[in-house]
Protein chains: 2
Amino acid sequence: MNRTASIKDVATHASVAVGTVSNVLNYPDRVSERTRERVLRAIDELGFVRNDAARQLRVGHSRTIGLIVLDVGNPFFTSVVRSAEDAAALQGSAVLLGDSGHDAGREANYIDLFQEQRVQGLLISPVGDVTDRLDLLRERGVPTVLVDRLADESKFSSVAVDDDAGGYLAARHLLDTGRRRLAFVGGPTSIRQVADRLEGARRAVKEEPDATLEVLDSEGQTVLAGRSVGDMLVQRGRAELPDGIFCANDLLALGVMQSLTMTHTFRIPEDVALIGYDDIDFAVSAVVPLSSIRQPTELLGRTAIELLSEEVESQNPVHRAVVFTPELVVRQSTAAPAAG
Amino acid sequence: MNRTASIKDVATHASVAVGTVSNVLNYPDRVSERTRERVLRAIDELGFVRNDAARQLRVGHSRTIGLIVLDVGNPFFTSVVRSAEDAAALQGSAVLLGDSGHDAGREANYIDLFQEQRVQGLLISPVGDVTDRLDLLRERGVPTVLVDRLADESKFSSVAVDDDAGGYLAARHLLDTGRRRLAFVGGPTSIRQVADRLEGARRAVKEEPDATLEVLDSEGQTVLAGRSVGDMLVQRGRAELPDGIFCANDLLALGVMQSLTMTHTFRIPEDVALIGYDDIDFAVSAVVPLSSIRQPTELLGRTAIELLSEEVESQNPVHRAVVFTPELVVRQSTAAPAAG
DNA sequence: GCGTTTTTTTGAATCGTTTCATTGTTACGA
DNA sequence: TCGTAACAATGAAACGATTCAAAAAAACGC
């Protein structure tokens, strides 16, 4: 009574062979209407639930896809996870989610776990440099797609967003609304994303001979880090204040905004325009709604799944690196100052 | 060459029996040092990775625990997930995470999927009323623990946080710092959490004969909803403004704060004190750091795993409903007004 | 009614582990 | 040297699904 019913129990109960039950489950139209109904009734009566381990053992692979992200709490990844799950569901797969929390050890554990589970493939936003480990996976025939990181196309497929283009968009927007003394606020430029966004901003500024770009280093990417940069700016005389600030991420921008608005000495956007990056939910509901650069996260997740499917299907894998273009979202924080 | 090595291959390669390889994997000290090393070397050379499906088929259950949450993007659940994962890892289990997104259909899919995977048990923060489905699970012998929802103790174990106590704490703190004209801001009271928090606040207010509590309904639980409640308050004359506001969640509180500070007519905490609920990351970095009620989310996740283990181990399950007490976090937004 | 084709059903073999009764080996005291 | 106990290693059986060649049943044409 305690043991869950097996396919054999169902077969007995419906007076058919086990093969027939399996066919009802997997190829319903190979089975005549009458017996199909009989089998379905038996399944229902016994409360049969297919044992996926047995199925998997026989067919050699699972119906799941592993997904390892750096931080589920980060809205960027949350959105990627959602869209990947949806895309996977459409093709009949489920997603096993792992949160490495930027920890290489946890990441390694998940990779091992997913291998033991014989996932169909792996989507990963890797912690630092894991090419060795990923090479191993490749040798063992686990198709892998890198997420939010460009990959050597001879080895892996990847999906990412063009941060250089995003940086350009943001700076170009500030310039287009008449600002000329720009500042970039961003954490350590050793982070690829930060460096690329800065590079894009530089490119835009070079297009206007009379424009300048100042780089303000921040301690990390948090609201508090933004606040201290903002405090520093407030100290300066009004004449030395930039008239357009581009922050490497929305949290920084919100921090800067808090500093500037708290003192009531500077107005946003009249005295200084402010734009962030990521377009997090808080951006729209900030004290002054924040302009930002939105990344097509849904597309990222969906495309990652698609690339993985391609690799799974084709024996002879040709890798692709897909790069998406981010999008400018204009809100009040960069509204053009009154003419004159 | 393409196929991954099996335990049999390892056995051949190391010139031992398959049982010995299995023992090396599962009971290393049943095997002599010499052969153990030999087997380990073979495993390494062949790149053997245990096939968990086969293992599971034999032993009858997996090493994974299913966890279905309402929204991974919600910091509350993110934290629960993390701690559950850590606790599970300690006892050698892994967590399969499902995000129902408040959608009963997705929830049902995950329940089915997890059943097919023969998870050891299920932690679930259910969408609406799923007692029927959960009853089914119970009959099929899948131990289940409800998260953030009290359960009929005759049927399930559960972990939750005492929202009534949290509401009391918040209101009591406002009263203790001298406020008497309190307001509660909260979404539809059909949400259990909101209703309980309000109830707790009422209890505290009744303790002070000269204190009053006004209930301000909000449209949902977002920053924007908080803003519109705040705007409404600003319209009122100063005399009619409450001197202490308790919001059912931090997002609401941040919205109210934005309204009040933007107009520069009221100061927080001098004119009005403000306290939220959940202690999200943004609370500490708000314009005026926000007091809040912290829920022991790490403890929730860990305890859920422990309760589940209890059910798994004992044949004769005795269910427990564990309720945690939330904690007051005092910050500047409720600092006592200057004496006099 | 009979031979032929098509459709349905059958059930043994298989996947890769773990388990455990059995056999083989070693160590040790008398 | 022998008997016995402790320890190691063995390998067949089992888990529950899918697969597929073969058998059985049904449908068809004449």
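Quick note on labels: first sequence line is chain A, next is B, and so on, each numbered from 1.
- Comparing C:dT17, D:dG16, D:dT18 against the side chain of A:Asn26 picks out D:dT18 as the nearest.
- Summary of the strand contacts: A:Val49 and B:Val31 both lie near DNA chain D, and taking for each the nucleotide with the nearest heavy atom, the more 5' one is attributed to B:Val31.
- Straight-line distance from the CZ atom of B:Arg30 to the P atom of C:dT18: 12 Å, rounded to whole Å.
- The side chain of B:Asn51 approaches C:dT17 more closely than any other nucleotide in the set C:dT17, D:dT10, D:dT19.
- Nearest to the side-chain atoms of A:Ala17 among the listed nucleotides D:dA17, C:dT10, C:dT18 stands C:dT10.
- C:dT17 atom P lies 10 Å from atom CG of B:Asp52, rounded to whole Å.
- In this structure, B:Glu116 atom CD and D:dA17 atom P are separated by 10 Å, rounded to whole Å.
- Not one side-chain nitrogen or oxygen of A:Ser6 sits closer than 4.0 Å to the OP1 or OP2 atom of D:dC15.
- Contacts of A:Ser32 with the nucleic acid, taken as non-hydrogen atoms under 4.0 Å apart, involve only primed sugar atoms and P, OP1 or OP2.
- Each of B:Ala54 and B:Asn23 has a nearest nucleotide on DNA chain C; the 5'-most of these lies closest to B:Ala54.
- Residue-to-nucleotide contacts include no donor-acceptor pair under 3.5 Å from the side chain of B:Arg58 to the base of C:dT17.
- The CD atom of A:Gln117 sits 21 Å away from the P atom of C:dC15 (whole-angstrom rounding).
- To the nearest angstrom, C1' of D:dG16 lies 11 Å from CD of B:Gln56.
- Summarising the geometry, the separation between NE2 on A:His13 and C1' on D:dG16 is reported as 19 Å, rounded to the nearest angstrom.
- Considering only the side chain of B:Arg55, C:dT18 comes nearest among D:dG16, C:dT18, D:dT19.
- Between the CD1 atom of A:Ile43 and the C1' atom of D:dA17 there is a distance of 13 Å, rounded to whole Å.
- Ionic pairing of A:Glu85 and B:Arg106 is present here: one or more N-O contacts between side-chain nitrogen and carboxylate oxygen are shorter than 4.0 angstrom.
- Considering only side-chain N and O atoms, A:Thr35 lies under 4.0 angstrom from the phosphate OP1 or OP2 of C:dT9.
- C:dA13 atom P lies 17 Å from atom CG of A:Leu57, rounded to whole Å.
- Ion pair B:Asp112/B:Arg133 flagged as a salt bridge, since at least one NZ, NE, NH1 or NH2 atom sits closer than 4.0 Å to an Asp/Glu carboxylate oxygen.
- A:Val16 comes within 4.0 angstrom of the backbone, heavy atoms only, and of no base.
- B:Gln295 and B:Asp278 share a donor-acceptor pair across their side chains, judged by distance under 3.5 Å alone.
- When distances are taken from the side chain of A:Thr20 to each of C:dT19, C:dT9, D:dT19, the shortest belongs to C:dT9.
- Using a 4.0 Å cut-off, some side-chain N or O of B:Arg50 falls inside it from OP1 or OP2 of C:dT18.
- A salt bridge does not link B:Arg82 with B:Glu298: none of the charged nitrogens is closer than 4.0 Å to a carboxylate oxygen.
- Comparing D:dG16, C:dT18, C:dT9 against the side chain of B:Leu25 picks out C:dT18 as the nearest.
- Ion pairing between A:Glu116 and B:Arg63 holds under the 4.0 Å rule for side-chain N and carboxylate O.
- For A:Tyr27, whose side chain is taken as the heavy atoms from C-beta onward, the closest listed nucleotide among D:dG16, C:dT9, D:dT19 is D:dT19.
- None of B:Val312, B:Leu137, B:Leu307 except one satisfies the side-chain contact (heavy atoms from CB on, under 4.5 Å) rule with B:Pro143; the exception is B:Val312.
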